[in-house]
Amino acid sequence: MISNSDKLKIKIVSDSSCDIKSVDGVDFTSVPLTLSPGDRDFVDNEALNVREMLDVLEKHNGRSHTACPSVDRWISAFEGADIVYAVTMTSNLSGTYNSACAARDIYMQTHPDVKIHIFDSLSTGPEMRLLIERIAKLIGEGEGFEKIIEIGQRYLDSVKLFFVLGSLHNLSQNGRVNKNVASVIKKLGVRMIGMASEIGTIKVVGACKGAKKVPAAIIKKLKASKYNGKKLYVCHVEGYPLADELRREIKKEYPEAEILVYPAGGLCSFYAERGGMIIGFECEE
Ligand code: X90
């Protein structure tokens with residue numbers, strides 16, 4: 001493998017929608033989005049109290065919004081590294097990817113020898129975490145820049161994302177899903193099952209009346225999507241019991257499954273709302 005790679009300073013940088021703040025064995029920086037659930041701004045970093053942010057969001061009647069990281073924040077995250085692998089949420093729902101690309105272009109004018117690749121995940125949350133951990137493993141194995149880009153991109157193509165949302169209020173209010181779809185879901189009182197489409201937008205693929213039906217509905221979708229029975233990550237917004245129930249049911253069908261259940265960070269909590277769940281999983285290639 002590459003012998004001089006340990007002399008190079010390698011970094012993974014992601015926007016905060018990946019829900020994690022550190023990665024074992026690699027230098028990792030999470031670049032925060034800003035969440036504005038009312039007239040207060042919350043920075044989506046380690047110090048964020050997600051529960052407090054959700055409380056403000058639920059109590060607030062007027063408009064609320066989020067903002068992608070500034071170009072400057074990305075530049076600060078790149079500093080000091082020789083090689084940067086950056087991962088962003090879908091460019092089709094957020095300006096985060098464009099901001100990262102602008103930061104790269106500016107930074108490389110004064111640091112022409114630094115290598116920076118930005119992966120547009122066309123997704124968010126657990127799918128980004130899976131990619132980040134895959135990249136970290138490849139770095140650990142001493143793989144080079146071009147190879148990591150190639151394998152990472154291929155991996156991204158083989159990972160999918162489902163989500164189960166009880167409300168589409170924040171997504172529709174911020175123009176990320178159609179208002180009519182949101183009001184139908186609300187009227188029917190169902191949980192919407194969605195997936196990240198191939199172009200990184202939200203695609204409604206089903207609905208569930210009542211929490212009890214969620215695990216079976218998701219397992220059906222996993223089968224149809226050719227889940228490979230290995231890594232599957234579930235992040236939830238204060239919805240541990242249902243997420244854990246889903247984990248147990250998936251384990252019955254796929255005993256080898258490597259499932260992680262963990263709380264969503266600020267950005268995913270803002271949009272998935274209390275009780276929401278986002279599921280990223282590997283598929284057969
Ligand atoms: O302010 C910004 O630039 C951030 C905007 C983010 C908008 C969408 C976030 C969705 C988060 C909801 C379910 C997953 C959807 C994934 C679709 C590709 C969580």
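Heavy-atom basis, side chains included; hydrogens, waters and symmetry copies ignored. Computed from a predicted model, the values in this text were never measured in an experiment. Note that ligands are numbered from 1 as they come in the structure, with each ligand's atoms numbered from 1 the same way.
Counting heavy-atom neighbours within 6.0 Å of Lys226 NZ, excluding the residue itself, gives a total of 12 or less.
The ring of Tyr97 has its center no closer than 6.0 angstrom to the ring center of Phe119.
Aromatic ring orientation, Phe78 versus Trp74: tilted (interplanar angle from 30° to 60°). In this structure, Phe281 and Phe162 have parallel ring planes: the angle between them is below the 30° cut-off, well short of the 60° mark.
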Which atom pairs, donor and acceptor, lie under 3.5 Å between side-chain atoms of residues 208-219 and protein residues at least two apart or in another chain?
from, atom 1, to, atom 2, distance (Å)
Lys209, NZ, Leu188, O, 2.8

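When the options His236, Arg191, Arg247 are evaluated for a side-chain contact (heavy atoms from CB on, under 4.5 Å) with Leu242, the one that passes is Arg191.
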Ligand 1 N/O to protein N/O, distances under 3.5 Å:
from, atom 1, to, atom 2, distance (Å)
ligand 1, 1 (O), Thr66, O, 3.2
ligand 1, 1 (O), Thr66, OG1, 2.5
ligand 1, 3 (O), Ser94, OG, 2.7

